[in-house]
Peer 1: 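Here's a structure for you.
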Amino acid sequence: MDYLYDGSFDGLLTSIYYSYYEQRAQGIYPEASYQFNMFTPSTVIQSDPVLAARVYDAIDRKISVYSLMQIYYVYLSNNTAKENLILKYLQLGFQLGPKVDSIHTHPEVLPIRQTAKKVSFEAERFLGLLRFTDTRSYLYAALEPDHNILILLADHFADRLAGERFIIHDKKRSLAIICNEKDWYLSDFSEEAAIPDSETEQLYQELWAKYFTRISIENRKNKKLQSHFIPQRYRHNLVEFRKSELL
């Protein structure tokens with residue numbers, strides 16, 4: 001039996017609950033992208049926060065809080081097989097308990113470790129790469145990450161920009177973290193018009209781009225190393241690369 005869910009973390013945990021207490025799942029897939037197979041029956045699972053909380057608590061108690069964090073990071077990844085990686089990992093985890101955290105090279109554990117590490121690394125990278133612009137009314141930052149890391153950035157910037165109103169916009173997924181000086185929330189967000197920069201902001205962007213260009217030492221440039229730390233796919237949202245090309 002394939003279980004189809006709504007794409008939410010609660011929906012995924014609800015599907016895992018039914019796999020244990022109803023019929024064992026052959027696989028778990030997002031309903032929106034599922035390719036139906038006449039040889040494999042499927043059923044749509046309605047997300048249930050109560051059942052999801054039971055699974056969440058069971059992972060915490062019977063395996064570890066570390067494992068709980070790992071599967072959440074995998075859920076945020078762009079790995080198309082992530083639901084079934086999590087399902088197989090939890091099946092092993094509920095058998096072995098906390099010991100599962102120590103068998104790093106096991107075929108059901110290693111992909112979880114590797115995928116979670118990619119998500120964590122990208123989130124940490126964007127703590128330094130995110131660029132905010134001043135629109136007079138609020139601060140705005142755009143990014144297009146490989147993984148759905150937006151929620152992993154929220155607390156950091158809410159603390160760092162305490163007292164500010166800001167929007168962190170994931171343009172690839174049409175999502176945004178919106179903070180109203182104190183509290184933040186995750187929301188759908190589509191950019192229908194260009195975000196206006198204040199006059200002061202435009203001046204600072206030009207100054208920053210000039211600084212970035214002038215401090216570079218021509219004979220010590222290492223484009224390969226620079227691309228390692230700041231991949232090309234991120235650069236169109238970074239003012240120092242966008243503006244310096246025009247100077």
Side-chain angles (χ1 to χ4, degrees), residues 1-56 59 67-94 107-123 126 142-154 168-178 185-192 231 233-234 236-237:
M1 174 70 74
D2 285 343
Y3 287 158
L4 313 183
Y5 79 113
D6 60 6
S8 68
F9 192 56
D10 274 358
L12 175 59
L13 296 184
T14 303
S15 299
I16 291 169
Y17 177 91
Y18 278 100
S19 179
Y20 274 90
Y21 292 99
E22 296 292 333
Q23 184 173 348
R24 189 178 180 89
Q26 280 184 259
I28 300 174
Y29 304 92
E31 182 184 5
S33 58
Y34 182 67
Q35 299 294 317
F36 288 92
N37 183 338
M38 63 183 296
F39 300 107
T40 306
S42 62
T43 185
V44 176
I45 298 298
Q46 298 299 321
S47 180
D48 187 327
V50 175
L51 300 183
R54 291 183 184 178
V55 176
Y56 187 99
I59 297 169
S67 291
L68 191 56
M69 181 188 71
Q70 291 281 286
I71 67 166
Y72 185 63
Y73 276 45
V74 173
Y75 163 75
L76 295 176
S77 77
N78 64 359
N79 190 320
T80 56
K82 60 187 179 183
E83 293 86 3
N84 295 299
L85 293 179
I86 291 171
L87 176 64
K88 292 176 181 178
Y89 171 77
L90 289 179
Q91 287 171 346
L92 181 66
F94 283 131
E108 311 298 0
V109 177
L110 183 60
I112 292 289
R113 304 280 186 192
Q114 292 173 329
T115 305
K117 185 177 181 179
K118 290 178 182 178
V119 175
S120 176
F121 178 74
E122 186 173 49
F126 269 101
L143 70 164
E144 297 172 63
D146 298 332
H147 307 288
N148 187 13
I149 61 171
L150 205 55
I151 200 165
L152 302 179
L153 307 177
I168 303 176
H169 179 199
D170 184 340
K171 297 169 72 173
K172 184 183 289 187
R173 297 168 182 83
S174 296
L175 292 172
I177 292 294
I178 300 174
Y185 60 93
L186 181 66
S187 174
D188 293 332
F189 189 87
S190 57
E191 187 181 14
E192 297 180 357
R233 62 186 182 277
Y234 298 155
H236 61 283
N237 287 314

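The figures here come from the full heavy-atom set of this structure, side chains too, leaving out hydrogens, waters and symmetry mates. Since the model is a prediction, treat every value here as computed from it, not as a measurement.
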Peer 1: Is there a side-chain contact (heavy atoms from CB on, under 4.5 Å) between Leu51 and Leu13 once you walk through the steps?
Peer 2: CA-CA 8 Å; Leu51 300 183; Leu13 296 184; over 6 Å; no
Peer 1: Could you tell me whether a side-chain N or O of Lys172 sits under 3.5 Å from a main-chain N or O of Pro145, the two making a donor and an acceptor?
Peer 2: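 Judged by distance alone, yes, a pair lies under 3.5 Å.
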Peer 1: Looking at His169 and Leu175, what are the two nearest heavy atoms and their distance?
Peer 2: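 Looking at all heavy atoms of both residues, the closest pair is CD2-O, 3.3 Å.
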Peer 1: Taking Gln26 for the side chain and Met1 for the main chain, is one N or O donor matched with an acceptor at less than 3.5 Å?
Peer 2: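 Flag set: sc Gln26 to bb Met1 pair under 3.5 Å.
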Peer 1: Write down the atom of Val74, the atom of Ile112, and the distance for their closest heavy-atom approach.
Peer 2: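 Heavy atoms of Val74 and Ile112 come nearest at CG2-O, 3.6 Å.
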Peer 1: Can you find a heavy atom in the side chain of Ile71 that is under 4.5 Å from one in the side chain of Leu12?
Peer 2: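 Of all side-chain heavy-atom pairs linking Leu12 with Ile71, none is under 4.5 Å.
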Peer 1: For Asp6, which residues count as a side chain to side chain donor-acceptor pair (under 3.5 Å) partner, sequence neighbours excluded?
Peer 2: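 Scan of Asp6 (side chain to side chain donor-acceptor pair (under 3.5 Å), adjacent residues dropped) gives Ser8.
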Peer 1: Got a sec, which residues hit side-chain contact (heavy atoms from CB on, under 4.5 Å) with Arg24, two or more places apart in sequence or on another chain?
Peer 2: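 Here the qualifying residues are Ser19, Gln91.
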Peer 1: Looking at CD of Glu31 and OG1 of Thr43, how far apart are the two atoms once the value is rounded to the nearest 0.5 Å?
Peer 2: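 Atom-to-atom, Glu31:CD and Thr43:OG1 are 9.5 Å apart.
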Peer 1: For a 4.5 angstrom cut-off between non-hydrogen side-chain atoms, does Asn78 reach Asn148?
Peer 2: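 Contact flag for Asn78/Asn148 side chains = no.
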Peer 1: Would you find a donor on one side and an acceptor on the other, under 3.5 Å apart, between the side chain of Thr115 and the backbone of Pro111?
Peer 2: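 Flag set: sc Thr115 to bb Pro111 pair under 3.5 Å.
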Peer 1: May I ask you to test the Val119-Ile149 pair for a side-chain heavy-atom distance under 4.5 Å?
Peer 2: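 Sidechains of Ile149 and Val119: in contact.
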Peer 1: Where do Ala25 and Tyr3 come nearest, in terms of heavy atoms and distance?
Peer 2: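 What the structure gives for the nearest pair is CB-CD1, 3.7 Å.
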Peer 1: More than 12 foreign heavy atoms under 6.0 Å from OH of Tyr56: is that the case here?
Peer 2: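 No - once you tally the heavy atoms of other residues, nucleotides and ligands closer than 6.0 Å, there are 12 at most.
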Peer 1: Between Asp170 and Ala142, is there a donor-acceptor pair closer than 3.5 Å when you use the side chain of the first and the backbone of the second?
Peer 2: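 Side chain of Asp170 to backbone of Ala142, a donor-acceptor pair under 3.5 Å: no, none is there.
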Peer 1: Would you say Ile45 and Ile28 make side-chain contact, with heavy atoms under 4.5 Å?
Peer 2: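 A side-chain contact under 4.5 Å is absent here.
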Peer 1: Can you confirm whether Leu150 sits close enough to Ile168 that some side-chain heavy atom of one is under 4.5 Å from a side-chain heavy atom of the other?
Peer 2: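 Answer yes - side chains close enough.
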Peer 1: For the CD1 atom of Ile86 and the NZ atom of Lys82, what is their distance to the nearest 0.5 Å?
Peer 2: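 Going from CD1 on Ile86 over to NZ on Lys82, the span is 7.5 Å.
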Peer 1: Show every salt bridge (Lys or Arg N to Asp or Glu O under 4.0 Å) that has at least one partner inside residues 111-123, sequence neighbours left out.
Peer 2: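 Those involving residues 111-123 are Asp101-Arg113.
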Peer 1: Set out, in order, the CA-CA distance, both residues' side-chain angles and the distance that settles side-chain contact (heavy atoms from CB on, under 4.5 Å) for Asn37 and Gln35, then state yes or no.
Peer 2: CA-CA 6 Å; Asn37 183 338; Gln35 299 294 317; over 6 Å; no
Peer 1: Please enumerate all residues that pass ring pair (Phe, Tyr, Trp, His ring centres under 6.0 Å) together with Tyr34, with sequence neighbours excluded.
Peer 2: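 By the ring pair (Phe, Tyr, Trp, His ring centres under 6.0 Å) rule, Tyr34 matches Tyr29, Phe36.
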Peer 1: Which one of Val55, Val50, Asp48 satisfies the side chain to side chain contact (heavy atoms under 4.5 Å, CB included) criterion with Thr14?
Peer 2: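 Among Val55, Val50, Asp48, the one that satisfies the side chain to side chain contact (heavy atoms under 4.5 Å, CB included) with Thr14 is Asp48.
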Peer 1: side-chain contact (heavy atoms from CB on, under 4.5 Å) with Pro231: which residues, sequence neighbours excluded?
Peer 2: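 Only Arg125, Arg233, Tyr234 meet the side-chain contact (heavy atoms from CB on, under 4.5 Å) criterion with Pro231.
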Peer 1: Compare all side-chain heavy atoms of Leu152 with those of Tyr73 and state whether any distance is below 4.5 angstrom.
Peer 2: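 Yes, their side chains come closer than 4.5 Å.
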Peer 1: Please give me the minimum heavy-atom distance between Ser47 and Asp10, naming the atom from each residue.
Peer 2: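 Minimum heavy-atom contact is OG-CB, 3.4 Å.
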Peer 1: Please tell me whether Tyr89 and Gln70 have a donor and an acceptor in their side chains that are separated by less than 3.5 angstrom.
Peer 2: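 No donor-acceptor contact under 3.5 Å links the two side chains.
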Peer 1: Can you tell me how far apart CG (Asn79) and CG (Leu85) are? Round to the nearest 0.5 Å.
Peer 2: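 That separation rounds to 5.0 Å.
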Peer 1: Could you report the tightest heavy-atom contact between Ile177 and Ile151, atom names first, then the distance?
Peer 2: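 Shortest heavy-atom contact: CD1-CA, 4.5 Å.
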Peer 1: Going by ring pair (Phe, Tyr, Trp, His ring centres under 6.0 Å), name the residues that satisfy it together with Phe9, two or more places apart in sequence or in a different chain.
Peer 2: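 Ring pair (Phe, Tyr, Trp, His ring centres under 6.0 Å) list for Phe9, sorted by chain: Tyr72, Tyr75.
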Peer 1: Distance from Arg173 atom CZ to Leu143 atom CG, nearest 0.5 Å?
Peer 2: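 Answer rounded to 0.5 Å: 8.5 Å.
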